[in-house]
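Throughout, numbering of the chain's residues begins at 1 and tracks the sequence. What you see is a predicted model; the values in this text were computed from it and never measured. Because only heavy atoms are used, hydrogens play no part in the values below, and waters and symmetry mates are left out as well, while side chains stay in.
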Amino acid sequence: MRITFINVGYGDAILLQGDNGYTALLDGGSNLDEEFADDCFRIRAVDYLQKLGIKHLDDVIISHIHEDHVCGLEEVLRHIPTDRLSVPYFLKPFSSAHPLTPGPQAPRSVVLYTEALNAYCRILNQRLQSGQAVRVLRAGERLPLTEGLAATILGPKPASIQHYMRRIEQVFESKSEEEVTKLLGELDATSNHTSLLIKFETAGLSLLAAADNCPREWDDVPISLFKNVNVLKLPHHGQKDAVSEQYMQIMPLEIVITTSASDRRYNSANPEVYERLIAMHQGRAPLRFLFSDEREYPPYFSQPEGFQAITLVVDSGKIVPGFIKI
């Protein structure tokens, strides 16, 4: 099994490849031109897959609705046939939704959220109208993927989904631009709470893929399910709310991966996060920090030649990172 974190700048795009040919993609990064302009190492998810010669995906999983997770998937699904799409939300009212536009004074974050919401609806409707499979995931489910790879859905909390879906219904029903803009702002602010929290397990490697689901939302998860996590994809791009001693101190972590842009916007890849992780793992083997879009982040990381992706494989019982240049 090979797990690859594609350098999409600020965003998530995680590729899983089994020895038996199984291939899945969790999120697809951004579709913003400025995210990839003037950077020879950042690469759109669709371009990376095509350069690898991947012509089919068994599974595509959408963690939640935000531009840096959803919008890059439109081109992936347009160019690469995919057997199954998995999502964290009920299919309605997305499946009968109309495009939304926020008011002219809406902040940029709300504009970007609206782009992601509209893209999500287009993706979902295209799948449903063509009769293709869409699977709705729930916390506590075991996700059947392929031989040698198990996945358990740990979140989001049902209450977070229910709250979010009420706002979704309201925003599509509203005829008032002011109310639509207000509701879009609330949805943007709460979408992270609806992120899928997935534990992927294969021989020698247990990855917690947290998307933007932060530890304050993990109180419904039996704590025993964290006790074998040795690879952590930090939630929320390594912002301050990404860590909690309650959960991460019990993880036998070896590798921590941050999918943040190298400009560390929004206080992502925050040094306080890594200081806390080091402190809570004192007396154990040193943690290895990996960053999908950094070349130098002293004292945590150095890969000056740059790369388009980080891949993890298990070799002789050890997790071995590799840096991919295409």
Side-chain angles (χ1 to χ4, degrees), residues 1-8 12-27 41 43 45 48-59 61 142-152 154 198-211 225-234 238 248 250-260 269 274 277-278 280-326:
M1 176 61 60
R2 179 181 300 271
I3 301 177
T4 300
F5 301 81
I6 304 170
N7 180 1
V8 291
D12 282 14
I14 303 172
L15 177 65
L16 300 101
Q17 297 170 281
D19 297 336
N20 59 359
Y22 174 83
T23 308
L25 183 67
L26 171 58
D27 288 338
F41 295 110
I43 187 169
Y48 185 83
L49 298 178
Q50 289 181 325
K51 286 180 182 295
L52 255 61
I54 292 175
K55 298 179 179 179
H56 168 266
L57 289 165
D58 295 282
D59 283 291
I61 305 169
R142 193 80 161 170
L143 182 60
L145 293 177
T146 189
E147 182 181 356
L149 177 65
T152 305
L154 306 185
I198 309 177
K199 184 169 71 167
F200 295 99
E201 296 172 273
T202 187
L205 189 155
S206 179
L207 164 68
L208 184 65
L225 294 179
F226 297 111
K227 289 186 176 180
N228 70 333
V229 172
N230 56 6
V231 178
L232 172 66
K233 199 294 296 185
L234 271 177
M248 292 166 187
I250 67 168
M251 298 178 186
L253 289 176
E254 300 174 36
I255 294 176
V256 176
I257 300 175
T258 306
T259 56
S260 176
Y274 310 108
L277 284 166
I278 290 169
M280 68 179 78
H281 284 83
Q282 287 287 349
R284 309 187 205 176
L287 294 174
R288 181 161 186 181
F289 296 113
L290 300 173
F291 298 82
S292 61
D293 186 49
E294 293 278 2
R295 298 175 71 180
E296 294 285 351
Y297 189 176
Y300 308 114
F301 181 76
S302 178
Q303 197 69 26
E305 60 270 28
F307 51 91
Q308 273 82 36
I310 299 172
T311 188
L312 302 179
V313 296
V314 178
D315 184 14
S316 302
K318 294 184 178 180
I319 304 170
V320 182
F323 299 91
I324 309 300
K325 294 178 73 173
I326 296 178

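Side-chain contact check for Met1 versus Leu205: every heavy-atom pair is 4.5 Å or farther apart. The shortest side-chain heavy-atom distance between Ile255 and Arg288 falls under the 4.5 Å cut-off. A 4.5 Å side-chain heavy-atom check between Ile278 and Tyr300 finds at least one atom pair inside the cut-off. Counting only heavy atoms from C-beta outward, the side chains of Lys325 and Gln308 approach each other to under 4.5 Å. Inter-residue side-chain proximity for Phe226 and Leu154 is flagged as met; some heavy-atom pair is nearer than 4.5 Å.
In this structure, the ring-ring contact (aromatic ring centres under 6.0 Å, His included) partners of Phe291, at least two apart in sequence or on a different chain, are Tyr274, Tyr297, Phe301. Listed by chain and residue number, Asn228 satisfy the side chain to side chain donor-acceptor pair (under 3.5 Å) test with Glu201 (two or more places apart in sequence, or in another chain). With sequence neighbours excluded, the residues forming a side-chain contact (heavy atoms from CB on, under 4.5 Å) with Thr146 are Asn20, Tyr22, Leu149, listed by chain and number. In this view, Phe307 and Phe323 satisfy the ring-ring contact (aromatic ring centres under 6.0 Å, His included) rule, not counting sequence neighbours. With sequence neighbours excluded, no residue satisfies side-chain contact (heavy atoms from CB on, under 4.5 Å) with Lys55. Ile54 meets the side-chain contact (heavy atoms from CB on, under 4.5 Å) test with Leu15, Gln17, Thr23, Leu49, Leu52, Leu57; sequence neighbours excluded. Qualifying side-chain contact (heavy atoms from CB on, under 4.5 Å) partners for Ala210, counting only residues two or more places apart in sequence or in other chains: Leu197, Trp218, Pro235.
The shortest heavy-atom contact between Met251 and Arg284 is O-NH1, 3.0 Å. Summarising the geometry of Leu253 relative to Val256, their closest heavy-atom pair is CD1-CG2, 4.1 Å, with the distance given to 0.1 Å. In terms of heavy-atom proximity, Arg142 sits nearest to Thr152 at NH1-OG1, 2.7 Å. When all heavy atoms of Ser292 and Ser260 are compared, the closest pair comes out as OG-N, 3.9 Å. In terms of heavy-atom proximity, Ala13 sits nearest to Leu25 at C-CD1, 4.4 Å.
For the pairing with Lys233, the side-chain contact (heavy atoms from CB on, under 4.5 Å) check across Ile14, Ile3, Leu208 returns one residue only, Ile14. Exactly one of Thr259, Ile6, Asp12 qualifies for a side-chain contact (heavy atoms from CB on, under 4.5 Å) with Asp27. That residue is Asp12. Residue Phe5 is tested with Leu26, Thr258, Leu312 for a side-chain contact (heavy atoms from CB on, under 4.5 Å); the sole match is Leu312.
Taken to the nearest 0.5 Å, the OG atom of Ser206 stands 10.5 Å off from the CD atom of Glu254. Here the straight-line distance linking atom CZ of Phe200 with atom CG of Leu143 works out to 7.0 Å at 0.5 Å rounding.
Lys51 places no side-chain N or O within 3.5 Å of a backbone atom of Ile326 that could act as its donor or acceptor partner. Side chain of Asn230 to main chain of Pro252: no donor-acceptor pair is present (N/O by atom type, distance under 3.5 Å, no hydrogens or angles).
Residue pairs satisfying the salt bridge (charged side-chain N to carboxylate O under 4.0 Å, His left out) criterion with at least one member in residues 293-310, sequence neighbours excluded, are listed as follows: Arg42-Asp293, Arg264-Glu294.
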